[in-house]
Protein chains: 2
Amino acid sequence: MALRHAVLAALLDGEYSGYQIAKGFDIGVANFWHALPQQLYAELAKLEKGGLITGREVVQQGRPNKRLFTVTDAGLAELERFAADTAKPSFIRDDLMVKVHAADRTEADAVIEQLEERATVAEAKIAVLTPLLEKLRGDLDEAEFLRVGARVGPYLTGLRGLSFEREQREWCLRTASVLRARAARERAHV
Amino acid sequence: MALRHAVLAALLDGEYSGYQIAKGFDIGVANFWHALPQQLYAELAKLEKGGLITGREVVQQGRPNKRLFTVTDAGLAELERFAADTAKPSFIRDDLMVKVHAADRTEADAVIEQLEERATVAEAKIAVLTPLLEKLRGDLDEAEFLRVGARVGPYLTGLRGLSFEREQREWCLRTASVLRARAARERAHV
DNA sequence: GCAGCATACTCAAAAATCTGACTAGTCGCA
DNA sequence: TGCGACTAGTCAGATTTTTGAGTATGCTGC
């Protein structure tokens, strides 16, 4: 049950609606968590019932009203408690890696295509993250920001996201080219 | 329902028992998938019932008997089908990143400790993966192996795992040192 | 003038995953 | 000789996550 903490952490950056959180707009959280809108709405409702966040209705004209949530002191205390107890090991699950693992026993064409597609997605994430980190940093250079800047948390997780996406892109492109070369070789030998 | 495919991919490397797969001994699969023993046993049973794998009983003395599984032609065809349709985006879930995201609003000491612990774990994985990749490679150098070697699938996923663990280690150490420096600064100012 | 997309959610049900306990023999250690 | 760890699993039940559908309004492009 760590989704609850991911949501609390996301709300530290300000007031957000379920819809906004669901959109994954938030740099930090999107880098290490993924959940469907339905889960988030349910979790927000539970958190509010438990008094860890409070919502306020914002009436909008021209579009549906929304509820913006803020972390309460109790919520902060819960995060504190969470930070103190031992973390579960991280885990990745990746369909594409399963396919690559089996790539020398199956037709590789489709996998190559997906690897290149995935590299493009990584590229796009890099293009979003880079300016976001710059914005967080403000006038300070990175070393200085990390030393004294406010809100380093999101910056640090953003850095991890960025490095992950860079590695992902490189690996996808390299793997695609390896598989492509082998496919060509195989065709030549048959 | 991709666990089924992860298991099939793991079994491509040879005959394994549920227990062995559960141990995560397999380089490739451990790099992109994680599941509890109970899930694996259940999945193996389903796959066998579906004819995608076959098991044979191996009688052992001095320890319980075991069942070793092999992928059938039907299983290979299923993997082929799986490789062809579109992959879901990868996702990571990481408690520790949640904690870092909130680190500037909570007590950081415990998080720093966990980051250093995580770096050690990453180090250990690097220490396991590096010789495993060497072994897979045999006499060939990497470029040559990738061009003509057998079983490149596991090698390629192993490379991704290795790069992930390296980045993980660096990020954990750097993040720990950033948080440590800030905690010291804060104490000095109070 | 209407199709499709965006905002902002809700509900129910199916499937996957995790928690926790249990069996049962063997080996090493003190 | 008893304790704990390792091999090799099984079972039940709770919780989480995913799938799929639905509501309602407004704006934009063709």
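At least one side-chain nitrogen or oxygen of B:Tyr19 sits closer than 4.0 Å to the OP1 or OP2 atom of D:dT7. For B:Lys88, a side-chain nitrogen or oxygen approaches OP1 or OP2 of D:dT19 to under 4.0 Å. Put simply, A:Ser17 has no side-chain N or O that comes within less than 4.0 Å of OP1 or OP2 on C:dT7. Residue A:Gln60 places no side-chain N or O under 4.0 Å from the OP1 or OP2 atom of C:dT7.
Using a 4.0 Å heavy-atom distance criterion, B:Gln39 is classed as a sugar-phosphate-only contact.
Ion pair A:Asp104/B:Arg151 flagged as a salt bridge, since at least one NZ, NE, NH1 or NH2 atom sits closer than 4.0 Å to an Asp/Glu carboxylate oxygen. For the pair A:Arg67 and A:Glu15, the salt-bridge criterion is not met [side-chain N within less than 4.0 Å of a carboxylate O].
Nucleotide D:dT10 holds its C1' atom 16 Å from the CD atom of B:Glu43, rounded to whole Å. Rounded to a whole Å, the CG atom of B:Leu3 is 16 Å from the P atom of D:dT17. Rounded to whole angstrom, the span from the CG atom of A:Asn65 across to the C1' atom of C:dT7 amounts to 11 Å. Whole-Å rounding puts the B:Glu57 CD to D:dA8 P distance at 12 Å. Atom NZ of A:Lys23 and atom P of C:dA8 are 10 Å apart (whole Å). Atom pair B:Leu40:CG and D:dA8:P shows a separation of 15 Å (rounding to whole Å applied). Rounding to whole angstrom units, CZ of residue B:Arg63 and C1' of C:dG28 are separated by 13 Å. Straight-line distance from the CG atom of A:Leu44 to the C1' atom of C:dC9: 11 Å, rounded to whole Å.
Side-chain atoms of B:Thr157 do not come within 3.5 Å of backbone N or O of A:His101 as any donor-acceptor pair. Of the possible donor and acceptor atoms, none in the side chain of A:Thr130 sits under 3.5 Å from a partner among the backbone N and O of A:Ala127. Side-chain N or O atoms of B:Trp33 include none that pairs as donor or acceptor with a backbone N or O of B:Ala10 at under 3.5 Å.
Among the nucleotides C:dC18, D:dT17, D:dG9, the one closest to any side-chain atom of B:Leu36 is C:dC18. Listed candidates were D:dT17, C:dC18, C:dA6. Nearest to the side chain of B:Arg93 is D:dT17. In this structure, of C:dC9, D:dG9, C:dA16, it is C:dC9 that holds the atom nearest to the side chain of A:Tyr41. Side chain of B:Arg67, nearest nucleotide from D:dA8, C:dA16, D:dG9: D:dG9.
Nearer to the 5' terminus of DNA chain D, by closest-nucleotide assignment, is the contact made by B:Lys66 (compared with the other of B:Lys66 and A:Trp33). When each of A:Pro64 and A:Gln38 is assigned the nucleotide of DNA chain C with its nearest heavy atom, A:Pro64 is the one assigned upstream, toward the 5' end.
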